[in-house]
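These notes concern the structure reproduced below.
One-based numbering, in listed order, for ligands and for the atoms of each.
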Amino acid sequence: MQFKTIEYNKETNEIVILDQTRLPAEEVYMTLKTVDDVYHAIKNMNVRGAPLIGVTAAYGVVLAAASGDRADIIDAADYIKSARPTAVNLAWAIERMKKKIDTAKELFKELLHEAQAIEEEDQHACQKMGEFGAALITHNAKIMVHCNAGALATCGIGTALSILYTARERGKKFTVYSCETRPLLQGARLTSWELTANGIETYTICDNMAASYMAEMNLVLVGADRIARNGDTANKIGTRGLAIIARYYTVPFYVAAPISTFDFDITSGNEIPIEIRCDDEVRTFNEKKIVADKAKICNPAFDVTPAELITGIITEKGIMKPPYEKNIRTLIGDVK
Ligand code: MRU
């Protein structure tokens, strides 16, 4: 990758992130100096994607640890955790850091070490998902993707897109169809940017073109923000629609996600909190108003794809197939 999504600088106690709101027009880096900066960067999606949000939050706790006592650091951690509700990686990373706050003898040093461990584990998970998933890419395949589950969403080579990078390294030829992903256009702005920068042939399609192209596809590959114990999966709004269309055309539909994206505390997707974002994201386009003032707006950032529509879930431990309830129970046993 020719970019780094996040870097913590111990000398200055600052976090530098690639500002994803400015891509693809400008590759601009942004410095986060305070806990407030971290909260707003996550909330405003300067930094985004479930695994990357988790790593950013962990370093946010490190920022707080440089000056605060234990109670201050816990308050800061809880504040950062409240920035976005759906991606469980955020809560997971914060809870992991809070456990350290409770037990650490050398607070700053141990919290920094924990944040670095979360970052390294993410890189490793991306690598492994790529290796397991690459076997799914057939020669000359056409693959539909949604939102951005790539290197930009992680500290490594991505979740869903790691599979494409690894397959390409293994000499496979394929073409990607990337849904633009309204309203914030992560597919159009981010996925097309990182795939083409890495030499992968990519068509960007409007979301409402997916059904027209689905019959030609060999595979749909998406990421995840939270996976319940029965395999129901929250991901960027529009994912469920793709899964339904894929089932109609009998196209395999795979989710790629690290184990940190599983929420072992919830039994089904009904319990996943769905983030509702501000009206303006839908009401305006390129800062121009595109919706009549009197019209009301719906803007859920995520939807839940029922487990029964998911062909398999690619994790750093391998490809999980149904029955998810039973196989996720086994996974819980393996990781606890
Ligand atoms: O709102 P975003 O851009 O943070 O949503 C991101 C997604 O939905 C991704 O598909 C998901 O986080 C997986 S990223 C590896």
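Proximity annotation for atom 14 (S) of ligand 1: of Ala153, Ala256, Gly223, Ala153 comes nearest, heavy atoms only. Between atom 4 (O) of ligand 1 and the options Arg84, Gln186, Glu275, the minimum heavy-atom separation is to Arg84.
Remark: ligand 1 atoms within the under-4.0 Å shell around heavy atoms of Asn235 are 7 (C), 8 (O), 9 (C), 10 (O), 11 (C). Less than 4.0 angstrom separates some heavy atom of Ala50 from each of these atoms of ligand 1: 12 (O), 14 (S). For ligand 1, the atoms closer than 4.0 angstrom to any heavy atom of Asp225 are 7 (C), 8 (O), 9 (C), 11 (C), 12 (O). Of all the atoms in ligand 1, the ones that sit under 4.0 Å from a non-hydrogen atom of Gly49 are 4 (O), 12 (O).
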Return a table of donor-acceptor pairs under 3.5 angstrom between the side chains of residues 315-322 and protein atoms on other chains or two or more places apart.
from, atom 1, to, atom 2, distance (Å)
Thr315, OG1, Lys317, N, 2.9
Thr315, OG1, Gly318, O, 3.4
Glu316, OE1, Ile259, N, 3.0
Glu316, OE2, Ile259, N, 3.3
Lys321, NZ, Tyr254, OH, 3.0

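At a heavy-atom cutoff of 4.0 Å, ligand 1 is contacted by the side chain of Cys147 but not by its backbone. With a 4.0 Å heavy-atom cut-off, ligand 1 is reached by the backbone of Lys236 and by its side chain too.
By the ring-ring contact (aromatic ring centres under 6.0 Å, His included) test, Tyr203 is found to be paired with Tyr177, residues two or more places apart in sequence or in another chain being considered.
With values rounded to the nearest 0.5 angstrom, Ile137 atom CD1 is found 9.5 Å from Thr166 atom OG1.
Ring-centre distance between Trp193 and Phe3: below the 6.0 Å cut-off.
Distances from ligand 1 to the non-hydrogen atoms of Met45 include at least one value under 4.0 Å. Residue contacts with ligand 1: Ala301 is excluded, as none of its non-hydrogen atoms falls under 4.0 Å. Put simply, part of Pro51 is less than 4.0 Å from ligand 1, judged by heavy atoms. Not a single heavy atom of His146 sits closer than 4.0 Å to an atom of ligand 1.
Cation-pi geometry between Lys236 and Phe302 is met: under 6.0 angstrom from the ring centre, within 45 degrees of the axis.
Nearest heavy-atom pair across Ala134 and Ile163 is N-CG2, 3.8 Å. Of all heavy-atom pairs spanning Arg283 and Asp293, the tightest one is NH1-O, 3.6 Å.
Given atom 15 (C) of ligand 1, the protein heavy atom at minimum distance is Thr159 OG1, 3.0 Å. Protein heavy atom nearest atom 3 (O) of ligand 1, with residue, atom name and distance: Arg48 NE, 2.6 Å. Looking at atom 13 (C) of ligand 1, its nearest protein heavy atom turns out to be Ala224 O, 3.3 Å.
Using a 4.5 Å cut-off between side-chain heavy atoms of Ile, Leu, Val, Met, Phe, Trp and Tyr, with links allowed through other members, Val176 and Met129 fall into the same hydrophobic cluster.
In terms of polar-atom proximity, defined here as any N/O pair under 3.5 Å, Thr154 makes no such contact with ligand 1.
Heavy-atom contacts from other residues, nucleotides or ligands closer than 6.0 Å to OH of Tyr213 number 12 or fewer.
A salt bridge does not link Asp207 with Arg182: none of the charged nitrogens is closer than 4.0 Å to a carboxylate oxygen.
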